[in-house]
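As structure tokens, the structure follows; a few thoughts come after it.
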Amino acid sequence: MKFLVVLACKNLTRYKRRTIITAVTIAIGLMLFILIDSILIGVDRESVRNLKWYETSSVRIMATGYWEDRLMLPLDVSIDDPYTKVQLLREHGYDATPRIMFAADLILYSEDFGEDGNLPVQVTAVDTTLDNTVFRFEDTLLEGRFAESGKNELVIGSWMAEDLQAEVGYWVTLVTRGNGGFFEAMDMQIVGIVNCPNPNVNRSLLMVPIDTVADYLAMENLATEIDIALPESADTDVEAQAITRLMAESGKGTTVMTWKDLAGDYLAMMQAERGGSSTMLFLVFLIAAVGISNTMLMVINERTRELGMMRALGMDDRSIHWLFMLEAGGIGLLGSSIGVALGMLANIYIVQEGLDFGFFMREMDMAYRVQSIFRGAWSLRSILTTFFSGIFLSMLVAWIPTRRAIRMDIPSCLRHQ
Amino acid sequence: MIQVQNVIRNYKAGETVVKALKGVSLDIGDGEFLSIAGPSGSGKTTLLNLIGCIDALDGGEITIEGQPVSGMDKKTKTEFRRNNLGFIFQTYNLIPVLSAYENVSFVLSILNIPEKEIEERTMRILKEVGLEGMEHRRPDRLSGGQQQRIAIARALVKNPKIVLADEPTANLDSKTGEEILKLMKEMNRKYHTTFIFSTHDSMVMDYAARLVLLHDGQIVSDERR
Ligand SMILES: Nc1ncnc2c1ncn2[C@@H]1O[C@H](COP(=O)(O)OP(=O)(O)O)[C@@H](O)[C@H]1O
Ligand SMILES: [Mg+2]
């Protein structure tokens with residue numbers, strides 16, 4: 001065995017250039033792998049964060065039956081006494097806020113917008129003081145200010161504002177049905193435009209004060225949902241169970257769901273996009289595998305006579321397999337080391353600066369809740385896995401050409417030119 | 001010691017069958033210095049490969065030390081060669097990245113002999129073949145004759161019962177070839193190792209203690225001198 005290691009090492013220095021070229025191929029493959037993987041992990045983590053911060057919160061309480069009808073945005077399936085519940089949650093250390101979601105027609109006027117128009121929208125009515133304890137819109141104002149309690153004021157997402165060519169100060173009307181089915185029209189002035197890291201929100205957000213809306217829609221002391229923020233370290237499922245118990249004590253008629261339940265569509269799309277990405281990762285690995293297998297084929301072909309000699313002298317098949325696996329593993333080790341070193345170096349940039357895909361995200365309706373800059377993330381496990389797979393796969397790839405050489409009869413090996 | 005009985009070996013070359021050995025019988029005793037001679041294509045390599053357990057019989061039997069070769073499986077043959085046989089090739093077949101010393105000592109490494117003994121035996125045999133002081137040279141820094149001396153040392157270092165040499169001098173000039181033959185003969189006398197070597201060179205035949213002439217896959221003469 002010691003002899004095999006010595007021989008393998010010496011053989012690697014025999015064809016220095018080839019060894020280095022192959023190692024560099026592997027290194028490039030692994031480096032790309034590390035970077036792509038880093039971005040995928042980074043984007044996923046950031047997407048989840050942006051989902052929680054701007055869309056779903058961590059845990060949501062709804063009236064039982066609301067989730068099934070959520071596409072209708074019903075006002076009559078709502079939570080009673082939301083502030084009592086919010087208070088109870090706060091006493092138990094949960095940051096919580098009530099919201100009313102409703103569907104409306106957004107009417108645009110030619111005085112402001114240049115021409116008349118209307119479009120169906122979804123409106124989010126928020127508690128102007130509590131909402132920021134759960135969601136993170138605070139720092140996202142692009143223009144203007146947030147709506148104030150009790151006023152007919154509207155805050156709008158940046159992409160939507162761009163699409164409508166809306167500006168701060170413009171007036172619009174929201175036409176909707178109140179709780180009970182009556183028609184209601186609310187004149188609202190746009191007071192702020194927000195641009196947050198979640199493209200889905202920028203595309204669709206219309207935010208109004210909850211007390212203004214409650215008055216118009218007969219939703220006093222009612223909410224369609226209560227959103228709860230959990231600290232990063234919390235176990236969402238465990239907390240959701242605790243919240244469920246808490247709600248059960250304070251009365252019936254509510255259902256608790258986590259962001260994972262709420263973002264089921266997102267997770268499903270993520271899965272699909274991940275599928276596409278893993279094809280790409282597979283291709284990257286394939287480059288490395290083809291590089292090493294080609295080299296091993298050449299190496300074994302060139303040394304067929306040497307192999308024949310060693311076999312004639314009584315070296316068994318296992319030792320010969322080991323010899324070439326060690327040689328391939330040596331190239332793999334070299335390639336993996338360079339690849340991981342370069343990958344980690346480049347990843348510093350990817351994590352800190354990120355790659356700008358802004359031009360792309362605006363046009364594409366992707367599941368990722370990341371606005372333009374894709375930042376990587378560190379995953380030691382992923383990097384170690386890459387490192388060892390590089391070595392292991394290299395060794396594995398040597399197996400087939402070695403076996404072919406071993407199957408050749410010894411006289412043919414010895415006659416080989 | 002070696003009994004070759006009515007051995008047949010056919011090669012399929014596409015549609016046609018080449019009869020490389022057509023019933024060869026031969027008895028080889030302990031410590032013989034035997035040359036298998038004959039023109040190119042007469043079956044010398046084939047016969048050596050069969051005795052060397054690296055090729056399979058199509059008919060007949062070869063018995064070495066009472067052990068029939070046809071009954072051995074692949075693993076047994078490998079083990080048998082490892083323990084009992086030495087090989088010398090026309091093209092030396094040294095490992096270019098290893099020193100003279102390493103080219104010889106690895107044979108003992110695969111026999112799991114202790115490091116200290118490997119060193120002793122390797123140094124002794126290299127000295128005997130006349131390579132003292134060149135142990136650390138790689139083959140590319142040695143002449144053809146010196147490289148073949150490494151090969152002889154490699155074949156002999158494990159004290160095999162039999163050394164098989166297929167045209168060991170064919171790649172050497174006649175003077176160097178003679179030196180190699182003298183060395184082989186000396187080793188044959190000293191260690192009582194059976195040497196079987198093939199050649200088509202009449203000068204080489206002159207060194208043989210016994211000369212078996214092959215022609216067209218058959219033995220045409222077998223004389224001792
Ligand atoms: N693997 C093979 N396939 C087909 N024919 C072969 C093979 N090996 C040897 N032969 C044929 O067998 C005959 C004997 O070959 P060989 O033993 O190599 O002769 P020598 O060593 O005396 O030159 C030749 O005709 C040769 O062409
Ligand atoms: Mg021959």
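In what follows, chains carry the letters A, B, and so on, assigned in the order in which the sequence lines appear, proteins first and then strands, with residues in each chain numbered from 1.
- By the 4.5 Å heavy-atom criterion applied to side chains, Ser109(B) and Lys2(A) are not counted as neighbours.
- Chosen from Ile95(B), Leu98(B), Ile110(B), the residue pairing most often with chain A at heavy-atom distances under 4.5 Å is Ile95(B).
- Counted within 6.0 Å of CG on Leu111(B), heavy atoms from surrounding residues, nucleotides or ligands total more than 12; the atom is thus considered enclosed.
- Heavy atoms of other residues, nucleotides or ligands lying less than 6.0 angstrom from CD of Glu232(A) number 12 at most.
- Between Val6(A) and Phe106(B), every side-chain heavy-atom pair lies at or beyond the 4.5 Å cut-off.
- Heavy-atom pairs under 4.5 Å with chain B were tallied for Asp316(A), Thr13(A), Leu4(A); the largest tally goes to Asp316(A).
- Side-chain contact check for Phe3(A) versus Glu102(B): every heavy-atom pair is 4.5 Å or farther apart.
- Interface check for chain A: of the options Val107(B), Ile54(B), Leu94(B), the most heavy-atom pairs under 4.5 Å are formed by Ile54(B).
- The contact between Asn11(A) and chain B is made by backbone and side chain atoms together, counting heavy-atom distances below 4.5 Å.
- Of the atoms belonging to Asn93(B), heavy atoms from both backbone and side chain fall under 4.5 Å from chain A.
- With chain A as partner, the option from Lys158(B), Gln90(B), Lys74(B) having the largest number of non-hydrogen pairs under 4.5 angstrom is Lys74(B).
- The neighbour count for Tyr191(B) OH, taken as heavy atoms of other residues, nucleotides or ligands under 6.0 Å away, is above 12.
- Salt-bridge annotation for Lys75(B) and Asp317(A): absent, with no side-chain N of the basic residue lying under 4.0 Å from a carboxylate O of the acidic one.
- To the nearest 0.5 Å, atoms CD (Gln417(A)) and OG1 (Thr91(B)) are separated by 8.0 Å.
- The environment of Phe282(A) atom CZ is sparse: at most 12 non-hydrogen atoms of other residues, nucleotides or ligands sit within 6.0 angstrom.
- The distance from the CZ atom of Phe87(B) to the CE atom of Met309(A) is 11.5 Å, given to the nearest 0.5 Å.
- Summarising the local packing, NZ of Lys22(B) is surrounded by more than 12 heavy atoms from other residues, nucleotides or ligands at distances under 6.0 Å.
- Heavy atoms of Leu414(A) lying under 4.5 Å from chain B belong exclusively to its side chain.
- More than 12 heavy atoms of other residues, nucleotides or ligands shown are found within 6.0 angstrom of NE2 on His416(A).
- Around the CD atom of Glu119(B), the shell of radius 6.0 Å holds no more than 12 heavy atoms that belong to other residues, nucleotides or ligands.
- Side chain of Arg82(B) to backbone of Ala312(A): no donor-acceptor contact under 3.5 angstrom is found.
- The contact between Thr78(B) and chain A is made by backbone and side chain atoms together, counting heavy-atom distances below 4.5 Å.
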